[in-house]
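Following: one structure in structure tokens, then a few remarks.
If you're wondering where the values come from, they're calculated on a predicted model, not measured in any experiment. The chain is numbered in sequence order, starting from 1.
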Amino acid sequence: MVKGVIFDFNGTLFFDNDKHVKAWGAISRLLRNKGITDEELHKHFNGVPNQKIIQYMKNNQATKEDIDYYSKLKEKYYRQFCKEDQATFHLVEGSYDYFKQLKDQKIPFTIASASIKENIDFFVESFHLDKWMKVDDIIYDNGTYQNKIAMFKDAALKLNVNIKDCLIIEDSKSGIENAYEAGCRQIIVVNSANNKKEYEKMPGVIKVIDDFKELL
């Protein structure tokens, strides 16, 4: 029985991968005078923390100041690109109805995201997330997490639910693996990367969906 739900955000509740790619491309042109290749994207960018990406682009010569500056600049670009594309600037279809369903069933839920606080604040304001969940319960990249395993565990603590009784909703291979390693055995995958067959074979995955209407 599901007693709590933990959502990833980017690629799960909000389809925004193209905005991240565009923002990193802008940073790459600043740092290297060139964009990023598809091979680099899959090997060095997807699911990788900002600091590691910047170190990669700076040939491991980035200072703490470099990392802080370019990470914040990348996210500033990202937020700008999101706002400029109003046609896609919305949560995945069925999200709010699923939130309401959880509320009606008195199942607590929150978000565990690798986004930084500035982006979380941006999402809360833009999508009115404070109407549906306690903003203080949202877990984000505050600089102390090495991976999402600890983030998922902390999110379960915020909900006051054993992680074994939580449903985690993810969209990436690394996110699924981290959710399973954290102790979750009920994982739903949003197929934003179009990898359904691969996801269905992964431990802990109970369902692969295209949007949240499938859970109503």
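The side-chain contact (heavy atoms from CB on, under 4.5 Å) search around K58 returns L31, I54, A62, D66, not counting sequence neighbours. Legend: residues meeting salt bridge (Lys or Arg N to Asp or Glu O under 4.0 Å) with D121, ordered by chain and number and at least two apart, are K117. Taking K173 as the reference, E177 meet the side chain to side chain donor-acceptor pair (under 3.5 Å) condition, with sequence neighbours excluded. Here D211 pairs with nothing under the side chain to side chain donor-acceptor pair (under 3.5 Å) rule; sequence neighbours left out. Under the side-chain contact (heavy atoms from CB on, under 4.5 Å) criterion, R29 pairs with A26, not counting sequence neighbours. In this view, Y98 satisfies the side chain to side chain donor-acceptor pair (under 3.5 Å) rule with no residue, not counting sequence neighbours. Applying the salt bridge (Lys or Arg N to Asp or Glu O under 4.0 Å) test to K83 and every residue at least two apart in sequence or in another chain returns nothing.
A salt bridge is defined here as a Lys NZ or Arg NE, NH1 or NH2 lying under 4.0 Å from an Asp or Glu carboxylate O, and K22 with D18 fails to meet this definition. Ion pair K148/E170 flagged as a salt bridge, since at least one NZ, NE, NH1 or NH2 atom sits closer than 4.0 Å to an Asp/Glu carboxylate oxygen. K72 has a carboxylate O that lies under 4.0 Å from a charged side-chain N of D68, or vice versa, which qualifies the two as a salt bridge.
Other residues, nucleotides and ligands contribute over 12 non-hydrogen atoms within 6.0 Å of the CD atom of Q86. Counting non-hydrogen atoms of other residues, nucleotides and ligands closer than 6.0 Å to CD of Q51 gives a total of 12 or fewer.
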- Message: Set out, in order, the CA-CA distance, both residues' side-chain angles and the distance that settles side-chain contact (heavy atoms from CB on, under 4.5 Å) for E75 and H20, then state yes or no.
- Response: CA-CA 8 Å; E75 301 304 346; H20 285 290; 4.3 Å; yes
- Query: Could you walk me through whether K52 and H44 pass the side-chain hydrogen bond (donor to acceptor under 3.5 Å, both in side chains) check?
  - Reply: CA-CA 8 Å; K52 289 188 177 180; H44 298 288; over 6 Å; no
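Criterion: ILVMFWY side-chain heavy atoms under 4.5 Å apart, direct or through other members. Under it, F109 and F212 are part of a common hydrophobic cluster. Connection of I138 to M151 is not established within any shared hydrophobic cluster, with ILVMFWY side chains joined at heavy-atom distances below 4.5 Å, either directly or through further cluster members. Note on V5 and L157: separate hydrophobic clusters, where clusters join Ile, Leu, Val, Met, Phe, Trp and Tyr whose side-chain heavy atoms are under 4.5 Å apart, directly or indirectly. Under the 4.5 Å side-chain heavy-atom criterion for ILVMFWY residues, no single connected hydrophobic cluster contains both Y180 and I169. Connection of I27 to Y69 is established within a shared hydrophobic cluster, with ILVMFWY side chains joined at heavy-atom distances below 4.5 Å, either directly or through further cluster members.
Among pairs with a residue in residues 154-167, those fulfilling side-chain hydrogen bond (donor to acceptor under 3.5 Å, both in side chains) read Y145-D154, at least two apart in sequence or across chains.
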Return a table of donor-acceptor pairs under 3.5 angstrom between the side chains of residues 123-133 and protein atoms on other chains or two or more places apart.
{"from": "S126", "atom 1": "OG", "to": "F122", "atom 2": "O", "distance (Å)": "2.8"}

Tell me which donor-acceptor pairs under 3.5 Å the side chains of residues 195-210 have, and how far apart each pair is, sequence neighbours excluded?
{"from": "Y199", "atom 1": "OH", "to": "D171", "atom 2": "O", "distance (Å)": "3.1"}

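Side-chain heavy-atom separations under 4.5 angstrom define the hydrophobic clusters, and I149 shares its cluster with no other residue. Grouping Ile, Leu, Val, Met, Phe, Trp and Tyr by side-chain contacts under 4.5 Å, direct or through others, puts F152 with I6, L159, V161, I163, I168.
In this structure, Q101 contributes its side chain and L215 its backbone to a donor-acceptor pair below 3.5 Å. For the pair S192 (side chain) and F15 (backbone), a donor-acceptor distance under 3.5 Å is absent. Using modelled atom types, one side-chain atom of S28 and one backbone atom of K34 make a donor-acceptor pair closer than 3.5 Å. Checked by atom type and distance alone, the side chain of T110 pairs as donor or acceptor with a backbone atom of D137 at under 3.5 Å. Side-chain atoms of N142 come within 3.5 Å of backbone atoms of T144 as a donor-acceptor pair (strictly under, hydrogens ignored).
A cation-pi arrangement, defined by a distance under 6.0 Å to the six-membered ring centre and an angle within 45 degrees of its axis, is present between K74 and Y78.
The shortest side-chain heavy-atom distance between F14 and D8 does not fall under the 4.5 Å cut-off. Residues L13 and I111 meet the side-chain proximity criterion, which asks for heavy atoms closer than 4.5 Å.
Between the side chains of N50 and S71, a donor-acceptor pair is found at a separation under 3.5 Å. Side-chain polar atoms of N119 and Y140 form no donor-acceptor pair below 3.5 angstrom.
Of all the heavy atoms in I120 and S115, the pair that sits closest is CD1-CB, 4.1 Å.
Ring geometry, Y77 versus F81: the interplanar angle falls under 30°, so the pair is classed parallel (tilted spans 30 to 60°).
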